[in-house]
Amino acid sequence: MADLAPEISIRRMKVEDVPVVHALDVLSFNLPWSERSFRYEVTENANARTWVAEVPQPGPARLVGMLVLWFFLDEAHIATLAIHPEFRRRGIARRILQIALNAAYREGARRAFLEVRAGNQAAILMYQELGFEEVGRRPRYYHDNNEDALLMTLENLHIYLSTQ
Ligand SMILES: CC(C)(COP(=O)(O)OP(=O)(O)OC[C@H]1O[C@@H](n2cnc3c(N)ncnc32)[C@H](O)[C@@H]1OP(=O)(O)O)[C@@H](O)C(=O)NCCC(=O)NCCS
């Protein structure tokens with residue numbers, strides 16, 4: 001699949017994006033967030049940084065990716081990340097993560113953290129490729145199928161960013 005990343009633009013999520021972001025979330029996860037949760041992240045949560053990826057089209061750009069990141073002291077927690085199924089394997093997740101983690105570093109984050117379903121091979125491979133390491137497991141964390149969550153961290157955010 002062609003690497004679309006050079007054509008992609010990454011920007012902060014706006015409240016007007018929320019219906020499309022929510023539709024993308026529903027397409028991507030068994031336990032999607034509510035529209036209200038996304039609206040809260042964009043408009044009220046001072047610890048959230050929210051991003052979208054767009055591809056150019058004739059007419060308005062199409063929103064094909066989203067990322068929500070939470071700050072806890074010097075840690076950036078990747079709360080959710082999804083790319084539209086038709087636009088996967090084109091480097092868009094890698095790109096949105098690079099931009100969001102760079103911005104987080106500039107704001108003081110020194111490590112990144114996330115939870116991922118133990119069976120989500122695509123996401124686990126992606127995070128490993130970016131340098132995340134498995135550091136623990138929460139048994140039966142996801143209540144739809146009792147799947148475990150893997151905890152992954154990227155220590156030394158500055159080293160990761162200097163290699164990008
Ligand atoms: C996981 C997800 C975000 C990846 O998005 P993406 O834009 O397709 O990822 P990228 O194209 O940037 O891939 C980066 C690297 O990750 C790995 N990767 C991504 N998807 C993969 C897959 N299906 N199989 C194997 N490796 C994969 C590859 O190493 C890839 O690099 P390469 O294409 O040069 O080989 C996307 O599959 C998705 O939205 N899934 C559903 C939601 C989800 O699981 N989110 C993560 C929750 S923690």
Side-chain angles (χ1 to χ4, degrees), residues 1-13 17-35 37-38 41 45 47-57 61-72 75-104 109 111-155 157 160-161 163-164:
M1 194 78 66
D3 187 347
L4 256 180
E7 295 175 30
I8 293 289
S9 47
I10 309 291
R11 61 166 174 80
R12 285 295 177 85
M13 195 185 294
D17 298 322
V18 164
V20 180
V21 165
H22 178 249
L24 173 56
D25 199 49
V26 168
L27 264 182
S28 302
F29 292 105
N30 290 343
L31 296 174
W33 291 10
S34 63
E35 256 192 64
S37 306
F38 282 107
E41 299 300 343
N45 185 356
N47 292 323
R49 305 292 180 271
T50 57
W51 298 87
V52 296
E54 287 182 322
V55 289
Q57 305 266 302
R62 179 168 175 193
L63 193 161
V64 298
M66 60 86 176
L67 168 69
V68 176
L69 191 145
W70 291 323
F71 265 91
F72 295 112
E75 186 170 281
H77 185 150
I78 296 162
T80 190
L81 163 64
I83 306 301
H84 190 285
E86 289 169 20
F87 290 86
R88 290 182 187 161
R89 291 312 289 273
R90 303 182 194 195
I92 301 176
R94 190 190 286 128
R95 183 73 176 279
I96 199 168
L97 275 163
Q98 271 167 11
I99 288 181
L101 290 175
N102 240 303
R111 57 200 288 267
F113 172 87
L114 58 89
E115 282 131 9
V116 58
R117 283 180 190 258
N120 188 347
Q121 205 52 22
I124 292 167
L125 287 168
M126 175 186 70
Y127 291 126
Q128 283 172 342
E129 193 224 11
L130 294 174
F132 281 81
E133 291 177 349
E134 185 183 329
V135 290
R137 181 180 277 259
R138 296 196 208 283
R140 303 161 70 83
Y141 183 74
Y142 296 98
H143 63 77
D144 60 328
N145 63 354
N146 291 324
E147 192 170 354
D148 293 355
L150 301 188
L151 313 183
M152 301 184 81
T153 64
L154 178 64
E155 302 290 339
L157 201 46
Y160 157 74
L161 293 169
T163 62
Q164 302 302 302

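All ligand and atom numbering here is 1-based and tracks the order in the structure. Computed from a predicted structure; not experimentally measured.
Residue-ligand proximity: Leu114 is placed with every non-hydrogen atom at 4.0 Å or more from ligand 1.
Expressed to the nearest 0.5 Å, how far CD1 of Ile78 lies from CZ of Arg49 amounts to 14.5 Å. In this structure, Asn30 CG and His143 NE2 are separated by 10.5 Å, a value rounded to the nearest 0.5 Å. The distance from atom CD of Glu41 to atom CG of Leu69, rounded to the nearest 0.5 Å, is 10.5 Å.
Using a 4.0 Å cut-off between heavy atoms, Arg88 contacts ligand 1 through both its backbone and its side chain. Counting heavy atoms under 4.0 Å from ligand 1, residue Asn120 touches it through the side chain alone. Looking at Arg90 against ligand 1, only its backbone comes within 4.0 Å, counting heavy atoms.
Protein heavy atom closest to atom 9 (O) of ligand 1, with residue, atom name and distance, is Ala93 CB, 3.5 Å. Shortest contact from atom 31 (O) of ligand 1 to any protein heavy atom: Arg94 NH2, 2.7 Å. Counting protein heavy atoms only, atom 28 (C) of ligand 1 is closest to Arg89 NH2, 3.9 Å. When hydrogens are left out, the protein atom nearest atom 39 (O) of ligand 1 is Ile83 N, 2.9 Å; that is the closest non-hydrogen contact. Scanning all protein heavy atoms for the shortest distance to atom 15 (C) of ligand 1 gives Glu129 OE1, 3.4 Å. Atom 23 (N) of ligand 1 has its closest protein heavy atom at Ala122 CB, 3.3 Å.
Side-chain contact annotation: Ser9 with Arg95, donor-acceptor N/O pair under 3.5 Å absent.
Residues Asp144 and Arg117 have side chains in contact (heavy-atom distance under 4.5 Å, counting atoms from C-beta outward).
Nearest to atom 16 (O) of ligand 1 by heavy-atom distance, out of Gln121, Arg117, Met126, Arg95, is Met126.
Of the options Thr80, Leu81, Val18, Ile83, a side-chain contact (heavy atoms from CB on, under 4.5 Å) to Met66 is made by Thr80 and by none of the others.
Under 4.0 Å is where a charged nitrogen must lie from a carboxylate oxygen, and between Glu115 and Arg137 no such pair does.
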